[in-house]
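Here the structure comes first, spelled out in structure tokens, and everything after it is commentary.
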Amino acid sequence: MTMDARTQTAADREAVRQTLLDYVEGIYNVQPERLERSVHPDIIKRGYYRENPAAEFRFVPMTRDQLITFAADWNKDKKRPIDTYPKEVIVYEVVDQTASGKVIAMWGIDYIHLAKHDGRWKIVNVLWQSPPK
């Protein structure tokens with residue numbers, strides 16, 4: 001059942017969008033503090049990764065600490081052309097305590113669940129995969 005659009009406020013929808021931006025831009029721009037701000041302490045991130053387009057997918061779970069470390073190291077030498085990478089943020093639904101969205105980035109597609117935690121929207125679950133074959 002889809003909730004009526006009136007259950008979401010414009011402020012909450014924008015806060016969810018900003019949380020998703022903090023997530024992707026925190027990684028792209030080597031700003032782990034933005035990632036820390038956007039993810040719940042108990043985040044679960046699971047996905048399917050492949051080294052190159054011809055390789056098979058392999059399952060890769062990631063803890064919050066691994067995600068923060070990844071964000072701090074991913075582009076620290078500033079050699080990645082982030083201006084050419086995709087950065088699409090889609091907010092699907094926002095209700096009182098939960099929300100869902102999608103991020104399309106250079107590493108692939110992330111389907112994201114969020115919850116309002118201590119008054120702030122936080123990412124609690126990410127299911128992702130490398131770009132499709």
Side-chain angles (χ1 to χ4, degrees):
M1 173 175 111
T2 300
M3 302 301 289
D4 187 302
R6 291 174 291 180
T7 63
Q8 57 182 274
T9 67
D12 275 334
R13 190 168 184 82
E14 176 56 25
V16 167
R17 189 184 76 75
Q18 186 58 56
T19 299
L20 296 175
L21 280 173
D22 281 345
Y23 169 76
V24 67
E25 290 177 351
I27 295 170
Y28 275 5
N29 299 322
V30 193
Q31 297 172 314
E33 68 280 0
R34 288 182 73 182
L35 197 61
E36 288 180 38
R37 180 172 65 212
S38 68
V39 299
H40 188 277
D42 298 323
I43 186 175
I44 298 172
K45 182 172 176 149
R46 298 180 187 100
Y48 293 87
Y49 169 77
R50 52 195 175 122
E51 294 285 332
N52 62 64
E56 292 297 315
F57 283 103
R58 64 184 174 97
F59 181 71
V60 181
M62 187 179 283
T63 66
R64 182 181 191 273
D65 289 343
Q66 288 170 324
L67 180 60
I68 300 300
T69 299
F70 176 78
D73 293 337
W74 184 77
N75 195 26
K76 68 181 175 186
D77 60 6
K78 305 287 189 204
K79 292 183 179 178
R80 294 181 187 259
I82 61 172
D83 292 342
T84 66
Y85 291 164
K87 183 180 70 176
E88 186 175 350
V89 169
I90 301 162
V91 177
Y92 287 131
E93 187 169 53
V94 179
V95 291
D96 300 50
Q97 281 298 125
T98 61
S100 63
K102 177 179 177 180
V103 169
I104 300 171
M106 66 74 56
W107 58 80
I109 301 164
D110 291 12
Y111 295 97
I112 298 176
H113 295 132
L114 304 93
K116 194 179 268 189
H117 181 75
D118 291 335
R120 290 186 53 100
W121 287 100
K122 301 281 186 172
I123 297 169
V124 296
N125 184 52
V126 178
L127 178 62
W128 71 279
Q129 77 160 59
S130 294
K133 290 185 177 185

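All residue numbers in this chain count up from 1 along the given sequence.
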So does [Y] get a backbone contact from the side chain of [X], meaning a donor-acceptor N/O pair under 3.5 Å?
{"X": "Asn52", "Y": "Ala54", "value": "yes"}
{"X": "Gln97", "Y": "Ala115", "value": "no"}
{"X": "Gln66", "Y": "Thr63", "value": "yes"}
{"X": "Arg37", "Y": "Lys122", "value": "no"}
{"X": "Ser130", "Y": "Arg50", "value": "yes"}

N-O pairing of Glu88 and Lys102 below 4.0 Å: no
Asp42 vs Val124, side-chain contact (heavy atoms from CB on, under 4.5 Å): CA-CA, chis, key distance, verdict: CA-CA 7 Å; Asp42 298 323; Val124 296; over 6 Å; no
In Å and rounded to the nearest 0.5 Å, what is the [atom1] to [atom2] distance from [X] to [Y]?
{"X": "Ile109", "Y": "Leu127", "atom1": "CD1", "atom2": "CG", "answer": "10.5 Å"}
{"X": "Ile43", "Y": "Ile68", "atom1": "CD1", "atom2": "CD1", "answer": "8.0 Å"}
{"X": "Leu114", "Y": "Leu20", "atom1": "CG", "atom2": "CG", "answer": "5.5 Å"}

Verdict with reasoning, Glu93 to Thr98, per side-chain contact (heavy atoms from CB on, under 4.5 Å): CA-CA 8 Å; Glu93 187 169 53; Thr98 61; over 6 Å; no
Common cluster, Ile112/Met62, ILVMFWY with side-chain heavy-atom separation under 4.5 Å: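 Yes.
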Inter- and intrachain pairs under ring-ring contact (aromatic ring centres under 6.0 Å, His included), touching residues 32-59, at least two apart: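 Sorted result for residues 32-59: His40-His117, Tyr48-Phe59.
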Evaluation steps, side-chain contact (heavy atoms from CB on, under 4.5 Å), between Leu35 and Leu67: CA-CA 8 Å; Leu35 197 61; Leu67 180 60; 3.5 Å; yes
Pi-cation contact, Trp74 with Arg80 (under 6.0 Å, within 45°):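 Judged by the rule (NZ or CZ under 6.0 Å from the ring centre, within 45° of its axis), Arg80 counts as positioned above Trp74.
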Minimum side-chain heavy-atom gap [X]-[Y] below 4.5 Å:
{"X": "Pro86", "Y": "Met106", "result": "yes"}
{"X": "Val94", "Y": "Trp121", "result": "yes"}
{"X": "Val16", "Y": "Thr19", "result": "no"}

Test salt bridge (Lys or Arg N to Asp or Glu O under 4.0 Å) applied to Glu25 and Lys87, step by step: CA-CA 8 Å; Glu25 290 177 351; Lys87 183 180 70 176; 2.6 Å; yes
is_close_aromatic(Tyr28, Trp107), centroid dist under 6.0 Å: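 Yes, ring centres under 6.0 Å apart.
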Residue from Val126, Asp110, Ile123 passing side chain to side chain contact (heavy atoms under 4.5 Å, CB included) with Val103: Asp110
